[in-house]
Amino acid sequence: MNSTQELYQSLEKLNLLEDLRDSYWWPNSGTFEVVVGAILTQQTKWQKVEKSLKNLKESGVLDLEKLAEFDLKELQTLIKPSGFYNTKAKYLKGICESIMNDFGSFEKFKDEISREWLLAQKGVGEETADSILCYGCYRPEMVVDSYTNRILNAFGYEFESYGDIKEWLISGFEDRDAKFFALYHGMIVEFAKKYVKGKRVDVSVLEV
DNA sequence: GGCCAGGTGTAAA
DNA sequence: TTTACACATGGC
């Protein structure tokens with residue numbers, strides 16, 4: 001494989017996003033739920049995140065203002081299925097409080113948010129920040145995850161950092177919109193779910 | 001039963 | 001400035 005364009009086109013041919021529940025791939029994209037999901041999905045399968053989201057929804061607290069004021073212990077219990085529930089509860093409540101303090105509403109947050117602000121929050125690293133920016137706020141940011149790195153490694157690429165992978169991935173795609181990057185990353189994850197098992201990466205179906 | 005999941009923060013070298 | 005480790009559940 002010689003370019004990210006080849007990778008993108010090859011992924012497209014696999015029709016990985018056939019049964020898309022959301023036009024941007026991430027469930028309920030463009031809403032506050034992306035912020036919650038982005039924290040909960042760290043080092044965890046989405047399937048488990050769905051259980052936690054269901055718990056939150058049934059308790060009526062899947063909401064920015066309510067979570068900002070919700071009891072930490074109760075929050076820990078509700079998100080237990082997604083693992084690391086003590087730390088994630090703290091991170092989640094913290095970021096909700098910060099959004100309320102600095103922006104006042106999710107809509108305002110969505111309009112005014114910067115990557116720097118997100119990275120300054122506890123529990124928000126580069127991947128989580130880009131996930132919130134791309135899927136929650138529809139900004140043209142490419143998300144890089146461990147699968148992306150593993151797949152590129154399988155093609156013989158080695159990178160120093162998150163930023164290096166991101167730069168390589170978006171080269172030639174700089175003028176694309178949020179939806180493009182949203183679906184590109186979505187295809188990589190769906191590909192990984194099918195063809196990556198632990199350290200084993202099967203890229204033979206990719207025609208690049 | 002051991003391995004692993006759509007990472008991140010922190011302490012120690 | 002790097003490296004190692006903790007955080008934790010649940011599915012395979």
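Chain letters run A, B, ... following the sequence lines, proteins first, then strands; residues in each count from 1.
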Measuring from the side chain of A:K48 (C-beta onward, heavy atoms only), which nucleotide among B:dG9, B:dA5, C:dA8 has the closest atom? B:dA5

Could you state the atom-to-atom distance from [atom1] of [X] to [atom2] of [N] in whole Å?
X	N	atom1	atom2	result
A:Q76	C:dC7	CD	P	14 Å
A:F84	B:dC4	CZ	P	14 Å
A:E160	C:dT3	CD	P	10 Å
A:K199	B:dG2	NZ	P	16 Å
A:I188	B:dA5	CD1	P	16 Å
A:E126	B:dG7	CD	C1'	11 Å
A:N86	B:dG7	CG	P	20 Å
A:K193	B:dA5	NZ	P	13 Å

Decide whether a cation-pi geometry holds between A:K80 and A:Y85; the criteria are a distance under 6.0 Å from NZ or CZ to the six-membered ring centre and an angle within 45° of the ring axis. yes

Using every non-hydrogen atom in the two residues, find where [X] and [Y] come nearest and quote the distance to one decimal.
X	Y	answer
A:L7	A:L169	CD2-CD2, 4.3 Å
A:M1	A:E6	CA-OE1, 3.6 Å
A:W117	A:I99	CH2-CG1, 3.8 Å

Taking atom CD of A:E141 and atom CD1 of A:I132, what is their separation to the nearest 0.5 Å? 12.0 Å

Touch class at under 4.0 angstrom, heavy-atom based, for A:Y85 against every strand present: sugar-phosphate

A:K90 near the nucleic acid: base, sugar-phosphate alone, or nothing, with a heavy-atom cut-off under 4.0 Å? nothing

Between [X] and [Y], is any side-chain donor less than 3.5 angstrom from a side-chain acceptor?
X	Y	answer
A:D22	A:Y135	no
A:S52	A:N55	no
A:S3	A:Y8	no

If you measure from the Lys or Arg side-chain nitrogens to the Asp or Glu carboxylate oxygens, is any gap between A:E97 and A:K93 under 4.0 Å? yes

Could you give the distance separating [M] and [N] at their [atom1] atoms, to the nearest angstrom?
N	M	atom1	answer
B:dA11	C:dA8	P	16 Å
B:dA5	C:dT3	C1'	22 Å
B:dG1	C:dC7	P	23 Å

Using residues 31-45 of chain A as the side-chain source, report each donor-acceptor pair under 3.5 Å to any protein atom, sequence neighbours left out, with the distance given to one decimal.
{"from": "A:T31", "atom 1": "OG1", "to": "A:N28", "atom 2": "O", "distance (Å)": "2.7"}
{"from": "A:T31", "atom 1": "OG1", "to": "A:E33", "atom 2": "N", "distance (Å)": "3.2"}
{"from": "A:E33", "atom 1": "OE1", "to": "A:N28", "atom 2": "ND2", "distance (Å)": "3.0"}
{"from": "A:T41", "atom 1": "OG1", "to": "A:T44", "atom 2": "O", "distance (Å)": "3.3"}
{"from": "A:Q42", "atom 1": "NE2", "to": "A:G123", "atom 2": "O", "distance (Å)": "2.9"}
{"from": "A:Q42", "atom 1": "NE2", "to": "A:T128", "atom 2": "OG1", "distance (Å)": "2.9"}
{"from": "A:T44", "atom 1": "OG1", "to": "A:Q42", "atom 2": "O", "distance (Å)": "2.8"}
{"from": "A:T44", "atom 1": "OG1", "to": "A:S82", "atom 2": "O", "distance (Å)": "2.9"}
{"from": "A:T44", "atom 1": "OG1", "to": "A:K88", "atom 2": "NZ", "distance (Å)": "2.9"}

Within a 6.0 Å radius of atom NZ on A:K54, are there more than 12 heavy atoms belonging to other residues, nucleotides or ligands? no

Do the ring centers of A:F106 and A:F109 come within less than 6.0 Å of each other? yes

Respond yes when some side-chain nitrogen or oxygen of A:Y91 is under 4.0 Å from OP1 or OP2 of B:dT8, and no when none is. no

Output yes when at least one side-chain N/O atom of A:K197 is less than 4.0 Å from OP1 or OP2 of C:dG11, else no. no

Under 4.0 Å from any atom of DNA chain B, heavy atoms only: list the residues of [range] that qualify, in numerical order.
range	result
residues 13-25 of chain A	A:W25
residues 115-124 of chain A	A:Q121, A:K122, A:G123, A:V124
residues 29-47 of chain A	A:T41, A:Q42, A:Q43, A:T44, A:K45, A:W46
residues 137-153 of chain A	A:D145, A:S146, A:Y147, A:R150

What residue pairs, at least two apart or across chains, pass salt bridge (Lys or Arg N to Asp or Glu O under 4.0 Å) with a residue in residues 199-208 of chain A? A:K13-A:E207

Quick one: on DNA chain B, does A:G198 or A:T128 contact a more 5' nucleotide (nearest heavy atom)? A:G198

Mind telling me whether A:F173 and A:F180 have parallel, tilted or perpendicular rings, with 30° and 60° as the class edges? tilted

In the single-linkage hydrophobic clustering (I, L, V, M, F, W, Y; side-chain heavy atoms under 4.5 Å), do A:L183 and A:I170 co-cluster? yes

